[in-house]
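Since the structure comes first, as structure tokens, the remarks are kept for the end.
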Protein chains: 2
Amino acid sequence: MLDNDQCPDCKRINEVLSRVGDRWSVLIVISLAQYGTLRFNEIKRNLGISQRMLSRTLKELERDGLVKRTYHPTIPPKVEYNLTEMGQSFREPVSALGYWALDNLSKIDAARETYDNSAEQ
Amino acid sequence: MLDNDQCPDCKRINEVLSRVGDRWSVLIVISLAQYGTLRFNEIKRNLGISQRMLSRTLKELERDGLVKRTYHPTIPPKVEYNLTEMGQSFREPVSALGYWALDNLSKIDAARETYDNSAEQ
DNA sequence: CAGTATCCTACTTGATACTG
DNA sequence: CAGTATCAAGTAGGATACTG
């Protein structure tokens, strides 16, 4: 995956990760993968994300082709979000990351404590 | 993985991802996974990362127990970095993400173009 | 070589208020 | 309900200069 000397692939990986690799994108994809279809405020409540960031992130995910937005012009309006095919495929590596995170949080905490204790002597 | 109502696991995943999920951490782990052991300036050249960010990120990764730092007190000094066991285990989900990124970059670009074209009418 | 220290800019994120 | 607009604060990240 990597080449020597400035590693062009790293640049491209970097590019993609900077688009869809941020925490909110990851968490939104995980949520949608779990529930199938969610409304705007359902995601908001679920993740504890601010309205602004949810709006922005969903728009980016839609633009990148990972999320499909369906607008129902009722009163009050109803908007549903779900994953596209590419979004589904993104779910796999993302879930792997999520599970790793859950599995290793306590280990990381322990490592931090050890490090901090030895650092302060 | 997710629970309804404020999703406590999301908070924890969020926590871990905010620690080890940033681009530089990911790219450093990928590099070390690829090459086994690297010196400070080898990583720097390889990734095109600034000295400051590399130093900071490596220190964080060491603190979190993902990277082991070995200092050889020679002149000039020589410092080698490699992955710990936990770092190795992190490699798997990270690689999956990297490969997905490479596989889907062009699709994302295409989706963006479509989106932008339909948006401008 | 492998860093640390300082400065500076740009982007990210949240809080708050408002709208169709 | 599902957003947008605006403001304020923090953080990421690079450039540069210096050190053991």
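Numbers restart at 1 for each chain; the letters A, B, ... are given by sequence-line order, proteins then strands.
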Separation of atom [atom1] in [X] from atom [atom2] in [N], rounded to whole Å:
{"X": "A:Leu54", "N": "D:dT4", "atom1": "CG", "atom2": "P", "answer": "10 Å"}
{"X": "A:Leu58", "N": "D:dT4", "atom1": "CG", "atom2": "P", "answer": "10 Å"}
{"X": "B:Glu42", "N": "C:dG3", "atom1": "CD", "atom2": "C1'", "answer": "16 Å"}
{"X": "A:Leu38", "N": "D:dA2", "atom1": "CG", "atom2": "P", "answer": "11 Å"}
{"X": "B:Lys78", "N": "C:dG3", "atom1": "NZ", "atom2": "P", "answer": "13 Å"}
{"X": "A:Leu47", "N": "C:dT13", "atom1": "CG", "atom2": "C1'", "answer": "15 Å"}
{"X": "A:Asn41", "N": "D:dT4", "atom1": "CG", "atom2": "P", "answer": "13 Å"}
{"X": "B:Glu60", "N": "D:dG13", "atom1": "CD", "atom2": "P", "answer": "12 Å"}

Please classify the nucleic acid contact of B:Arg23 as base, sugar-phosphate, or nothing, using heavy-atom distances under 4.0 Å.
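If one applies the 4.0 Å heavy-atom cut-off, B:Arg23 turns out to touch the sugar-phosphate alone, with no base involved.
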Is the side chain of B:Thr57 donor-acceptor paired with the backbone N or O of B:Leu54 at a distance under 3.5 Å, no angle test?
no
Counting C-beta onward and ignoring hydrogens, is there a side-chain heavy-atom pair between [X] and [Y] closer than 4.5 Å?
{"X": "A:Glu60", "Y": "B:Arg112", "result": "yes"}
{"X": "A:Tyr99", "Y": "B:Pro93", "result": "no"}
{"X": "A:Leu83", "Y": "A:Leu66", "result": "no"}

Quick one: closest heavy-atom pair of B:Lys68 and B:Thr84, and the distance?
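Scanning both residues, the minimum pair turns out to be N-CG2, 3.8 Å.
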Between B:Met53 and A:Val79, which is nearer to the 5' end of DNA chain D once each is assigned its nearest nucleotide?
A:Val79
Position toward the 5' end of DNA chain D (nearest nucleotide), A:Ser55 or B:Gln51
A:Ser55
Look at the side-chain N and O atoms of [X] and state whether any lies under 4.0 Å from the OP1 or OP2 oxygen of [N].
{"X": "A:Lys59", "N": "D:dG3", "answer": "no"}
{"X": "B:Arg52", "N": "C:dT4", "answer": "no"}
{"X": "A:Trp24", "N": "C:dG14", "answer": "yes"}
{"X": "B:Tyr81", "N": "C:dG3", "answer": "yes"}
{"X": "B:Arg56", "N": "D:dG13", "answer": "no"}
{"X": "B:Ser50", "N": "D:dG13", "answer": "no"}

Taking atom types as modelled, find out whether A:Asp22 and A:Ser25 have a side-chain donor-acceptor pair closer than 3.5 angstrom.
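A donor-acceptor contact under 3.5 Å links the two side chains.
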For Watson-Crick and G-U wobble pairs within 3.5 Å on both distances, what is DNA chain D written in dot-bracket notation, | included for inter-strand pairing?
||||||||||||||||||||
Can you tell me if B:Gln88 has over 12 outside heavy atoms packed within less than 6.0 Å of its CD?
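Yes, the 6.0 Å shell around CD holds more than 12 heavy atoms from other groups.
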